[in-house]
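Notes to accompany the following structure.
Naming convention: chains lettered A, B, ... in sequence-line order (proteins, then strands); numbering from 1 in each chain.
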2 protein chains.
Amino acid sequence: MNLASPPRKSFRETQFELREEAILDATNRLLGNKGYEAMSMDDIAAEVGIAKGSLYKHFESKEALAAAVMVRLLAQTDDALAAVPAHLPGIKRLEGLLRWTLSQRLGGSVPHLPSTSPSLQNSLLANRAYMDTLMALSERIGELIQRARAEGSLQPHLRDEFVLYTLYARTCDPTLDFLKASGSMSDAEIVDQMVSACFHGLAAPTAA
Amino acid sequence: MNLASPPRKSFRETQFELREEAILDATNRLLGNKGYEAMSMDDIAAEVGIAKGSLYKHFESKEALAAAVMVRLLAQTDDALAAVPAHLPGIKRLEGLLRWTLSQRLGGSVPHLPSTSPSLQNSLLANRAYMDTLMALSERIGELIQRARAEGSLQPHLRDEFVLYTLYARTCDPTLDFLKASGSMSDAEIVDQMVSACFHGLAAPTAA
DNA sequence: GTCTATACTGAGATAGAC
DNA sequence: GTCTATCTCAGTATAGAC
């Protein structure tokens with residue numbers, strides 16, 4: 001992503017950034033497991049192993065910290081999207097992207113959409129960095145959707161924005177959590193069924 | 001539902017129950033719009049037009065109040081399910097149920113699954129009345145799923161529990177909120193696309 | 001049973017020593 | 001920059017008059 005890295009960093013700077021990464025990782029886990037409201041700054045500090053006050057030297061508020069986590073996740077998603085082989089048909093690339101995001105989510109990451117917290121959602125909508133990253137990613141996915149549509153692989157009556165939101169929404173689908181909690185299906189099987197149901201539906205194809 | 005209603009009620013009792021209904025209605029709206037955490041008891045009191053303290057004469061806690069709302073909603077859903085014509089094939093009855101729940105949600109009601117709030121979710125899991133009602137409803141839906149399966153109208157490789165959770169999850173799908181917020185589609189169109197995508201998928205059927 | 005006023009608590013954020 | 005200790009405030013719940 002970021003190719004314009006400065007030439008040198010002092011040890012202290014490196015340490016600082018490593019700690020910051022650790023904070024983001026911990027927050028990501030906690031967001032994924034407990035959700036935004038239930039996650040306290042004390043929780044994060046304890047998970048990282050530092051004092052709560054120190055968190056505020058890195059991020060000015062809980063909202064800013066959560067936003068940073070989301071921005072990083074969206075950027076990683078953009079990378080994952082770029083990594084999907086470009087020669088595949090559009091619908092297959094969308095499928096690959098969904099697989100990647102679902103795997104992330106099952107691995108304990110925060111959902112891509114902060115739908116689980118209206119308050120976080122509002123603060124993110126006002127966050128410039130988040131909105132920019134989200135727009136850029138949505139732009140790319142939108143292109144894939146149009147490609148898939150041009151290739152005739154999408155249901156013609158479904159609108160582009162409906163398809164886009166639906167793909168985003170799958171990453172915060174509580175079905176994932178319930179199935180994982182029930183323990184009767186492996187992560188791989190859950191992903192398979194979600195992807196299948198998303199693209200081909202619950203109903204058996206009828207011999208039209 | 002409740003056929004064993006007592007023969008007579010005093011005026012005061014009736015007033016009391018009407019107010020209680022009003023409280024449940026207001027809470028239902030607020031839950032649907034703001035979510036559990038963001039909704040304060042002050043909000044509810046203001047919406048109903050009574051003092052906050054009075055709320056506690058009706059419900060012993062915020063959790064209990066939210067649980068009462070959810071129980072009522074599940075009971076209504078059970079009624080709606082019973083109202084779907086029984087002569088229809090299983091898959092059509094499931095579709096009808098989904099339509100009803102989506103319409104409720106778009107009308108401002110709380111989602112059937114409290115997935116938007118982990119804390120509420122936990123308190124509900126410990127709530128006897130809620131769990132009983134949820135189990136009863138799931139039982140009925142489960143029967144419909146098995147009927148649809150026996151009729152060959154479900155994808156054979158999707159598990160029953162996956163289908164059940166997926167149907168529940170559609171009622172708290174953030175796609176609904178985003179599409180409604182974008183304003184480019186009518187409620188009816190949103191419901192149509194959601195039902196279509198849920199049962200038949202995003203992808204166009206391939207001529208196998 | 002409804003009101004006003006208040007106690008209590010959890011959690012976000014800050015101050016100041018080191 | 002990190003720590004401990006503290007401030008502040010929102011919000012649940014309760015007390016007490018009527």
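Remark: E60(A) CD is loosely packed, at most 12 non-hydrogen atoms of other residues, nucleotides or ligands lying under 6.0 Å away.
Between the side chains of Y168(A) and S138(A), at least one donor-acceptor pair of N or O atoms lies under 3.5 Å. Residues E37(B) and S119(B) bring a donor and an acceptor atom of their side chains to less than 3.5 Å of each other.
Considering D173(B), D187(B), D177(B) as possible partners of R105(B), the one that fulfils the salt bridge (Lys or Arg N to Asp or Glu O under 4.0 Å) test is D177(B). The side chain to side chain contact (heavy atoms under 4.5 Å, CB included) with L73(A) is formed by just one residue from the set T101(A), L24(A), V110(A); it is V110(A). Between T77(B) and the options L137(B), T171(B), L134(B), a side chain to side chain contact (heavy atoms under 4.5 Å, CB included) holds for only L137(B).
Of the possible donor and acceptor atoms, none in the side chain of E143(A) sits under 3.5 Å from a partner among the backbone N and O of R140(A).
Taking every nucleotide of DNA chain C with any atom under 4.0 Å from a non-hydrogen atom of chain A, the first and last of them, 5' to 3', are dG12(C) to dT14(C).
Under the 6.0 Å distance and 45° angle rule, K62(B) counts as a cation-pi partner of Y36(B).
As judged by a 4.0 angstrom heavy-atom cut-off over every strand, S54(B) is placed among the base-contacting residues.
F59(B) contributes atom CZ, which lies 7.0 Å from atom OG1 of T27(B) (distance to the nearest 0.5 angstrom). If you take OG on S153(B) and CG on L202(A), they are separated by 11.0 Å, rounding to the nearest 0.5 Å.
Nucleotide dA15(D) holds its C1' atom 13 Å from the NZ atom of K52(B), rounded to whole Å. In this structure, the CG atom of L120(B) is 13 Å from the P atom of dT12(D), given to the nearest Å. Taking atom CG of residue D43(B) and atom C1' of nucleotide dA13(D), one finds them 16 Å apart after rounding to whole Å.
Listed in residue order, the members of residues 20-38 of chain B having a heavy atom less than 4.0 Å from DNA chain D come to none. Within residues 61-71 of chain B, the residues that place at least one heavy atom under 4.0 Å from DNA chain D are, in residue-number order, S61(B), K62(B).
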